[in-house]
Amino acid sequence: MRFNPEEITSVLRAELERFESTVDVAEVGTVLEVGDGIARIYGLEKAAAGEMLEFENGTRAQVFNLEEGSIGAVVLGSDQDLHEGMTVRRTGQLLQVPVGLGLVGRVVDALGNPLDGKGPVQAEATRPVEMIAPGIADRQPVKEPLQTGIKAIDSMTPIGRGQRELIIGDRKTGKTAIAVDTIINQRSEDVVCVYVAVGQKDSTVAAVVEDLKRTGAMDYTIVVVASASAPAPMQYVAPYAGCAMAEHLMYNHKRHTLVVYDDLSKQAVAYRQLSLLLRRPPGREAYPGDVFYLHSRLLERAVKLSNDLGGGSLTALPIIETQEGEVSAYIPTNVISITDGQIYLQPDLFRANIRPAVDVGISVSRVGGNAQVKAMKHKKVAGGLRLNLAAFRELEAFAQLGTDLDAATQAQLDRGRRMVELLKQPQFQPMAVIDQVMSIFAGANGFLDKVPVPKVADYERRMLAYVKDNHAPFYEGLVKDKALTAEVEAELSRILGQFTEAYLAGKAPDPR
């Protein structure tokens with residue numbers, strides 16, 4: 001029998017073209033021990049720190065410790081179905097979460113899985129949860145205001161887009177309330193918000209989500225939840241996941257974003273738990289030595305991008321809970337040193353019904369007036385407000401001794417009490433920045449001096465309605481220019497004088 005070499009060659013060539021390899025080449029290891037959210041694995045010598053692993057039942061883990069004979073991994077999910085002898089394979093990828101506009105309005109866990117019963121998340125892409133923070137050349141100075149709608153903050157500790165401003169205080173002093181009010185105030189500011197709940201009770205998170213829905217804020221908010229019942233690895237990952245979701249919108253959609261981390265002290269506790277279980281050396285308060293890096297690499301990702309990169313921003317509002325006002329504890333001092341200022345909430349003020357309970361003496365914004373509109377920076381508005389309130393606190397403490405006071409000191413005390421009353425604000429009622437300017441201008445320039453302290457809130461409500469209804473062109477001009485020139489200041493003083501006279505005479509209109 002004769003063979004035709006050309007036929008054999010063509011058949012072999014066709015077979016080779018159709019050949020598909022079905023061999024799955026993967027490095028596989030074995031579980032040595034598992035428990036408390038930690039798995040010790042043998043046989044994955046080439047695994048990288050932070051790499052994703054997959055157990056044979058589909059559960060995922062992240063490489064945490066690289067040791068001589070084994071690796072330590074944290075299990076991202078329940079470890080109930082894992083056992084000794086199970087096979088584990090490398091994925092060759094870092095931990096990633098789904099990102100994109102499809103997440104807006106959704107409640108998800110730390111891995112981007114939906115928790116709101118609205119079906120699968122429509123993600124545009126995935127993004128690693130750990131990213132290197134932008135360098136100096138990619139940034140521009142923080143000078144664009146991020147309005148919280150809270151008078152006590154926008155006037156004395158202003159926040160700029162791209163800033164990291166810490167909210168710190170004991171439990172039940174209104175930390176989450178300030179963060180939620182800030183999110184609600186972004187409705188007209190075109191800012192996408194991410195609320196990350198770490199170690200909170202499920203009931204507390206549900207109440208926050210309900211508040212956001214009721215006020216319409218869920219339309220532009222992503223809620224990432226790793227509640228107190230979630231495993232420690234999920235609480236550790238959640239802030240990075242929320243940051244990655246905001247970063248995608250900032251880089252790819254050129255949007256301004258706001259991320260609230262509520263709270264990072266719970267994340268530090270979860271990280272301490274994982275580190276101790278993996279037998280890393282404990283340091284101060286049993287936290288591992290790299291706990292500073294845990295928060296610095298997260299908060300450094302807050303940025304106001306350069307115009308070449310689209311000019312978007314990521315503003316971070318980390319929350320830290322103190323014990324008995326101990327601001328000098330390990331985690332609070334760490335985060336204070338990383339951030340660009342702090343808003344300290346004092347329990348005594350909260351119990352005295354001064355809410356928000358912002359302590360003027362300790363609270364500070366290192367961006368300062370750069371993050372304020374011109375009208376708010378004016379010397380007759382917020383210019384001397386902080387110093388006047390600090391002086392009032394000292395005088396008030398002195399006056400409690402029962403000493404006779406001269407007329408000037410008594411007048412200063414009376415005005416201080418009215419300013420404290422003016423800076424009080426109910427929850428879920430953020431105020432437009434120009435309304436804040438007019439209120440503070442009225443208090444700081446003596447228009448409230450004859451108004452009884454209990455009537456200050458009523459005066460403010462009627463005054464704002466009076467200016468908007470009877471002097472609409474003036475108000476609209478102030479909203480447009482956001483500046484207090486000499487002419488505008490004189491006109492505002494004239495309008496306030498007319499209204500105050502009518503109010504004290506009982507003839508001011510009531511808008512209700």
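Quick note: numbers below take in every heavy atom, side chains included, and nothing from hydrogens, waters or symmetry partners.
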Run the ring-ring contact (aromatic ring centres under 6.0 Å, His included) test against [X] and tell me which residues pass, sequence neighbours left out.
X	result
H256	none
Y261	none
H253	H248

Worksheet item: Under the 6.0 Å and 45° cation-pi test, does R355 pair with F350?
Response: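 Geometry flag: set, cation within 6.0 Å and 45°.
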
Fill in: Check: Q273/S275 side-chain N/O donor and acceptor closer than 3.5 Å
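No donor-acceptor contact under 3.5 Å links the two side chains.
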
Validation row: [X], [Y] side chains within 4.5 angstrom (heavy atoms):
X	Y	answer
L258	L317	yes
S227	Q200	no
V198	D262	no
V88	V31	yes

Under the side-chain hydrogen bond (donor to acceptor under 3.5 Å, both in side chains) rule, what pairs show up with a residue in [range], not counting sequence neighbours?
range	value
residues 333-342	R164-D340
residues 99-111	R106-D116, D109-N113
residues 139-149	Q140-K143, Q140-N307, E144-R161, T148-D154

Residue pairs passing the salt bridge (Lys or Arg N to Asp or Glu O under 4.0 Å) test where at least one lies in [range], sequence neighbours excluded:
range	result
residues 220-238	none
residues 269-289	R280-D290
residues 421-434	E421-K424

Return yes if some donor-acceptor pair links the side-chain N/O of [X] with the main-chain N/O of [Y] below 3.5 Å, else return no.
X	Y	value
T221	A217	yes
Q235	V269	no
Q346	A357	no
K151	L422	yes
D79	D36	yes
T215	D211	yes
D170	G325	yes
Q372	S155	yes
D359	G361	yes
R60	L53	no

How would you list, by chain and number, every residue that makes a side chain to side chain donor-acceptor pair (under 3.5 Å) with [X], sequence neighbours excluded?
X	answer
Y344	none
E33	R40
R127	E247

Return yes when atom [atom1] of [X] has more than 12 non-hydrogen atoms of other residues, nucleotides or ligands closer than 6.0 Å, and no otherwise.
X	atom1	answer
F428	CZ	yes
D458	CG	yes
E324	CD	no
K254	NZ	yes

Worksheet entry | Test log, rule side chain to side chain donor-acceptor pair (under 3.5 Å), inputs T59 and N57 | CA-CA 6 Å; T59 304; N57 68 348; 3.1 Å; yes

[atom1]-[atom2] distance between [X] and [Y], expressed to the nearest 0.5 angstrom:
X	Y	atom1	atom2	result
I336	L166	CD1	CG	6.0 Å
L249	T257	CG	OG1	7.0 Å
Q436	L464	CD	CG	10.0 Å
K482	K377	NZ	NZ	14.0 Å

Discussion item. Please give me the minimum heavy-atom distance between V75 and A39, naming the atom from each residue.
Written reply: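 Taking every non-hydrogen atom into account, CG2-CB, 4.2 Å.
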
Item to complete: Please test F64 against Y236 for ring-ring contact (aromatic ring centres under 6.0 Å, His included), starting from the C-alpha separation and ending with a verdict.
Response: CA-CA 12 Å; F64 224 58; Y236 156 68; 5.4 Å; yes

Item to complete: List the steps and the verdict of side chain to side chain donor-acceptor pair (under 3.5 Å) for Q163 and S365.
Response: CA-CA 9 Å; Q163 190 176 343; S365 171; 3.1 Å; yes

Worksheet item: What do the steps show when you test E130 against L94 for side-chain contact (heavy atoms from CB on, under 4.5 Å), and what is the final call?
Response: CA-CA 8 Å; E130 298 268 15; L94 297 175; over 6 Å; no

